[in-house]
Enquirer: 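The following block contains the structure, expressed as structure tokens.
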Number of protein chains: 2
Amino acid sequence: MKRITIKNIAKALGYSVGTVSKALSNSHEISSLTKVKIQNFAHENGYQSNQYAKLLRKGRTNIIGMIVPSIGNPFFSQILEGIEREMSETAYNLIIMQSVDDPQLELKHLEMLSKKGADAIVIAATGNSISLKYLRKLKNEGTPIVLIDRTNYDINTYKIGIDNFKVVYEGISQLINRGKRKILFISNLSPGTSSERRRGYIQCLRDFDIAYNSNYVLSIETNRRRIDVLDQLKNHLTHFVNSSTPPQAIFTASDQLTYLTLEALHTIGISVPDRLALIGFANFQYTNIFQPSLSSIVQPSREIGSQAFAILHKILDSSDNEIATQYQNIELQASILTRKSSE
Amino acid sequence: MKRITIKNIAKALGYSVGTVSKALSNSHEISSLTKVKIQNFAHENGYQSNQYAKLLRKGRTNIIGMIVPSIGNPFFSQILEGIEREMSETAYNLIIMQSVDDPQLELKHLEMLSKKGADAIVIAATGNSISLKYLRKLKNEGTPIVLIDRTNYDINTYKIGIDNFKVVYEGISQLINRGKRKILFISNLSPGTSSERRRGYIQCLRDFDIAYNSNYVLSIETNRRRIDVLDQLKNHLTHFVNSSTPPQAIFTASDQLTYLTLEALHTIGISVPDRLALIGFANFQYTNIFQPSLSSIVQPSREIGSQAFAILHKILDSSDNEIATQYQNIELQASILTRKSSE
DNA sequence: CTGTTAGCGCTTTCAC
DNA sequence: GTGAAAGCGCTAACAG
């Protein structure tokens, strides 16, 4: 399957490789007649430039590395969709890796990306300090870093997420307006988003003059087998509903927790929203066919992806590496789909 | 961020590049003392070999191209998960593209993959004849091709899917055993899986002595906006339930159709399973919290991914390209989760 | 055991 | 306008 090369073309047409190279990149130094001849020949013979020779020469790889906790999570797969759509017909290559929220694995992936010479990195980071340190190192060596989703980390770089405080505040106020005052807030341990979301919860309670009860803030270790997470939730929830002051509503601060909480409630026989209302983050496209139809906080996941690529595209394409980099912290708007589960 | 190269090491240690190269690849030609010195130095200074120089030299790219209809579809994102898990710490790079089931786009992606010099291709193909022709061409040029999910195409290559006939047959017989005799079969137009699934449906009816009624076989054009597909379904279903002989059950032959059919039924107010039972393909992990809990045909999606990579890994690693290639057609087993929607 | 050298395909000075 | 040649980082003959 011998590929045709610049050398072949040069020989076939009696030019030098230099001339062919320039003609193919439409250099102004080459006469239009020659350019036409060479370009036509290249086209007719299906010439494909060897990206790697090109990149080797330029000292680049055009690889964008991406690390997310789980590709199977609809939220992240949608972000991926957003990136792919923008990127597929460009010269960039995306390498995807899953950390499974495991700091060790995350670090290994980062090292691998560095080894592969990734020109940029997009990451929904675990927040592990060693990984963050590694990210800072890569950044200082000149690799642009984009934090997505979990942006609340101490690293000065590009960040794309949502206004977590605001959307949680809105979600909670909706519940309060529907008469719920005892609201359970369930989040995972990821420091990247949880604190802002919790802040939204607490501030909203305060603004409505509702006493804050720290027992109503649950942090779940989600980095383990599904069945174990489910068990944790079932235990906690059973305890809560049997307590003297059972909560009237639940707010779940991640996709996975929303689905699992609903599953746990089903399993232990708590009907939603009759006994307990529920609203939570959920990016699966069909939450309206859940039992009950789920009040969902939907993030602009595809846009997070496309914006991440847009930023990198711009940086990597600007030959001017010395540009005084302005790191942006983009906060997109999430939206609330109000449905039966929070009635 | 100047990377350290073999040349640097050679100079620093007073060896030649050749020696360093061999030492790093643990060649037996090099004395162990030298190897230790060089390897230690490389390690301490964080030497990372330049993959692209290596690959350029070897005439390879180590790129595996993958084309799926949609990354956001849980079924495909899980396949992706399966591949990623096996691949992330290898020297291979995965490039993912979405065809959106659009033959034109699929062809463009294939051309792009060829241009990028992909060493192998994994595809859930639309079945478009021009794309298939292109795939055959790539195959004949030596690029291994693995068809996943949609395997029923006329191209002699590696195929990984499930036993569609069998699992549909089982699903339908379950419905029949529960007293449903009028069963609507809804599939999309993809020729890659629909025909086998339809065959399972028809054969099962025949074995149970139920007359086959072609009106009960619906093919839906799913390659369009969600709302339009939903409308199609609503129209068809409204028509069916108001007919003189309304169906008693529905079998949906793809994830997307399952979710949308359930949504359509909700919208037009048909309760499931009371008025109409439903069972269908669905790989979302939480179909038990659907309304009603959904009887689902679950495919071993992650395994499809990992097996695809395993095959390619083996082929691409065998330097012996002249090996008499035995194309396998792997049929994994799908399973049926029987729940409320088909009671 | 170690060094030298050619060359993978391409771009980019620098000559002419 | 075009050609010659160097070199990106690496491997693999081949020499010694």
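In what follows, chains carry the letters A, B, and so on, assigned in the order in which the sequence lines appear, proteins first and then strands, with residues in each chain numbered from 1. Side-chain atoms are counted along with the backbone in the values below, which use heavy atoms only and exclude waters and symmetry mates.
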Enquirer: Could you walk me through whether I304(B) and D149(B) pass side-chain contact (heavy atoms from CB on, under 4.5 Å), step by step?
Expert: CA-CA 8 Å; I304(B) 291 175; D149(B) 182 42; 5.6 Å; no
Enquirer: Using a 4.0 Å cut-off on heavy atoms, which residues in residues 6-20 of chain B reach DNA chain D? List them by number, or say none.
Expert: I6(B), K7(B), G18(B)
Enquirer: Looking at dT12(C), dA12(D), dC10(D), which one has an atom nearest to any side-chain atom of K58(B)?
Expert: dA12(D)
Enquirer: So, taking the atom named CG in L80(A) and the one named CG in L94(A), what distance separates them when rounded to the nearest 0.5 Å?
Expert: 6.5 Å
Enquirer: Hey, does the side chain of T34(A) come within less than 4.0 Å of dT2(D)'s phosphate (OP1/OP2), counting only N and O?
Expert: yes
Enquirer: Check the distance between dC8(C)'s C1' and L55(A)'s CG and give it to me in whole angstrom.
Expert: 14 Å
Enquirer: Could you give the distance from OG (S88(B)) to CG (L105(A)), rounded to the nearest 0.5 Å?
Expert: 6.5 Å
Enquirer: Can you give me the N/O atom pairs linking the protein to nucleotides 14-16 of chain D at distances under 3.5 Å, or say none if there are none?
Expert:
none

Enquirer: Any side-chain heavy atom of D154(A) within less than 4.5 Å of one from L132(A)?
Expert: no
Enquirer: Which residue lies toward the 5' end of DNA chain D, K35(A) or G59(A), if each is placed at its nearest nucleotide?
Expert: K35(A)
Enquirer: Under 4.0 Å between any heavy atoms, over every strand shown, what does T5(B) touch: base, sugar-phosphate, or nothing? Just pick one.
Expert: sugar-phosphate
Enquirer: When the ring planes of Y52(B) and Y52(A) are compared, do they come out parallel, tilted or perpendicular, using 30° and 60° as the limits?
Expert: parallel
Enquirer: Give S49(A) one of three labels, base, sugar-phosphate or nothing, depending on what nucleic acid heavy atoms sit under 4.0 Å from its own.
Expert: sugar-phosphate
Enquirer: Does dT2(D) have its OP1 or OP2 closer than 4.0 Å to a side-chain nitrogen or oxygen of S31(A)?
Expert: yes
Enquirer: So, is Y47(A) near the phosphate of dG9(C), with a side-chain N or O under 4.0 Å from OP1 or OP2?
Expert: no
